[in-house]
Amino acid sequence: MNADDWLRTLTAELHQRRVAADAARHVVAEAATHLREGGGDPWVVFGPPQQYAGAVVESIGTAPGPRPGPVRLHAAGITKRYGRRTVLRDATLTVRAGQIAAVVGANGCGKSTFLRICAGLMSPDAGEVTVSGRLGYCPQSGGTADFLLADEHFVLVGAGQGVARGPARRAGRAAARQLGWEAGGDVQARHLSGGTRQKLNLTMSTLSAPDVLLLDEPYQGFDQGTYVNFWDQLSRLRDAGTAIIVVTHLLNQLDRVDIVLDLTPARETGWHAPGIQGGRP
Amino acid sequence: MNRLVTVAEMTLRELLRRRGVLLLLLLMPLTFYLIRRDAYLGQSVRSLLLGVGWAVSTAALFATTAARELEPRLRLAGYRPHHLYLGRMLGLWTVGLVISVPFFLLPMIDGADLRYGGLAAALLCSVAVAAPFGMLIGALLPRELEGTLLLLTVVTVQMLIDPAGSGAKLTPFWSSREIATWTVDNTDQGYLSRGLLHGFVVTALLAVGVAAVASVRLRRRRHLRHLPVG
């Protein structure tokens, strides 16, 4: 990671941690000046950008985040069985506008199943989901058409909302740019790398400006820069009032979310009572 | 209407980019025609029609299987089930009509003496039946291999069954065979009428079947309640 990448990551980190915009700009400008005049590797001079951002937050504090809005998604008592195996028991989650909820848990504990039930793509054996507003869903993989171009995906999704071709293409390209991807090329989806294909997948899910965005480990194949951009974009969407639920197994990102739903079953007692367990206050 | 046309257009674009599939789509009926060319003309024309039917069914099967993962998210993006299956059917019918043109011209170039209006009607019937037939199999069987094997079985039965027997009428492409008899053998008008009626009924039944499966698979689930943004 060179100095520019380091500064970019620091900017994203400060934004994620809700450092006031002016203060963040000031911190980044000071760091850039220091590096330019003094030289040296930013990792040696300042340490990892995440750690430096943490120190900045401790020193100057954060701007108060917007108050969460009305409830956008309420899932209550979700139970799902596959044959004799119960994968979800009485899972409950409430997410408001302007919040990010993380669904975590061990492999096979029902994270994707929970998300598919919230999206209405699968029926639970018990429980119900109330959604206020439009839903967007990004699957873990698949969900794109091999032989279509990125622009054609945008047109296809846009037509579902009655959006004309030109604006749909422009909106798709702009959303892709937020992930550091120029989507206007003449490349079919099947020829995209795994990470770029996931960017297309993610872009499609945000294209219809959903009020509730459901993301099933959408960062598969992302490089470090894209991963930072991804969380940066989630923060922007949250600040714009979108309720976001993201399935993740990367626990180091949990400080960036507002709510955590852990679906891991406890071996000794059978099950945890699933519910809100923490996250950023 | 825009959604329907968009889905049809994207189906068409996808199929046109599968050059290998397109080549095989054209090769299959041609082979069927040529392999019977030295024998009785009626057999080669019937084989040609069956080849077109099988080729379009296979394309429909693959298009339906490929769209399986995409359709639920398009549903969330604002499409209704009928936009998706009717749009796809429309795209497949268009592809079928396009590949039918050279096979309409083939016997003409070959100097075959037959009723060309009948050949056009038989090709239309083949394409009309084949698209929903392949889509229905694709909707019922999630894996391409299983679907292809079922298609192969149906076409083999269609090829080997006695066309005069009552069981033959239960096969999907009986209509084009009946019309082909009128086209080649100069039989009475009854063959044409029966064939057209059979083609129409089978197409309608298959389309209803596709609609039923798609409506169940892409239905709004009862556990999910939508409220307007408050």
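Keep in mind the model is a prediction, meaning the values are calculated, not measured. Labels below follow one simple rule: chain letters A, B, ... track the order of the sequence lines, proteins then strands, and each chain is numbered from 1.
- Contacts of A:Ala75 with chain B are absent, with no heavy-atom separation under 4.5 Å from either backbone or side chain.
- Listed for the B:Glu14 side chain is no donor-acceptor partner under 3.5 Å among the backbone atoms of A:Ala145.
- Residue A:Phe147 holds its CZ atom at 11.5 Å from CG of B:Leu16, rounded to the nearest 0.5 Å.
- Using a 4.5 Å cut-off between heavy atoms, B:Leu76 touches chain A through backbone and side chain atoms alike.
- Counting heavy-atom pairs under 4.5 Å between each of A:Gly69, A:Ser123, A:Cys118, A:Pro210 and chain B puts A:Ser123 at the top.
- Under the 4.5 Å side-chain criterion, counting only non-hydrogen atoms from C-beta, A:Val155 is in contact with B:Thr6.
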If you apply the rule side-chain contact (heavy atoms from CB on, under 4.5 Å), what do you find for A:Asp146 with B:Arg18, and how did you get there?
CA-CA 10 Å; A:Asp146 281 353; B:Arg18 290 175 181 237; 5.7 Å; no
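- In this structure, B:His226 contributes its side chain and A:Ser132 its backbone to no donor-acceptor pair below 3.5 Å.
- Per-residue counts of heavy-atom pairs under 4.5 Å with chain A were compared for B:Glu71, B:Arg13, B:Arg73; the largest is that of B:Arg73.
- Residues B:His223 and A:Asp125 fail the side-chain proximity criterion, which asks for heavy atoms closer than 4.5 Å.
- Residues A:Thr130 and B:Leu227 have side chains in contact (heavy-atom distance under 4.5 Å, counting atoms from C-beta outward).
- In this structure, chain B has no heavy atom under 4.5 Å from any part of A:Leu207.
- A 4.5 Å side-chain heavy-atom check between B:Arg217 and A:Leu121 finds every atom pair outside the cut-off.
- For the atom pair B:Arg17 CZ and A:Leu148 CG, the distance stands at 6.0 Å (nearest 0.5 Å).
- Between A:Leu135 and B:Leu224, some side-chain heavy-atom pair lies under the 4.5 Å cut-off.
- Using a 4.5 Å cut-off between heavy atoms, A:Ile78 does not touch chain B at all.
- Rounding to the nearest 0.5 Å places CE of B:Met10 at 9.0 Å from NE2 of A:His153.
- For B:Phe200, the CZ atom sits in a loose shell: 12 or fewer heavy atoms of surrounding residues, nucleotides or ligands are nearer than 6.0 Å.
- Shortest non-hydrogen contact noted between B:Leu74 and A:Val157 is CD2-CG2, 4.3 Å.
- Across A:Ala159, A:Ala97, A:Ser205, A:Ser208, the residue that shares the most heavy-atom pairs under 4.5 angstrom with chain B is A:Ala159.
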For a side-chain contact (heavy atoms from CB on, under 4.5 Å) check, start with the C-alpha distance between A:Leu156 and B:Tyr79, then their side-chain angles and the critical distance, and finish with the verdict.
CA-CA 10 Å; A:Leu156 189 59; B:Tyr79 286 87; 3.6 Å; yes
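- When the shell of 6.0 Å around CZ of A:Arg236 is examined, it contains more than 12 heavy atoms from other residues, nucleotides or ligands.
- Annotation: side chain of B:Arg221 is not in contact with side chain of A:Met122 (no heavy-atom distance under 4.5 Å).
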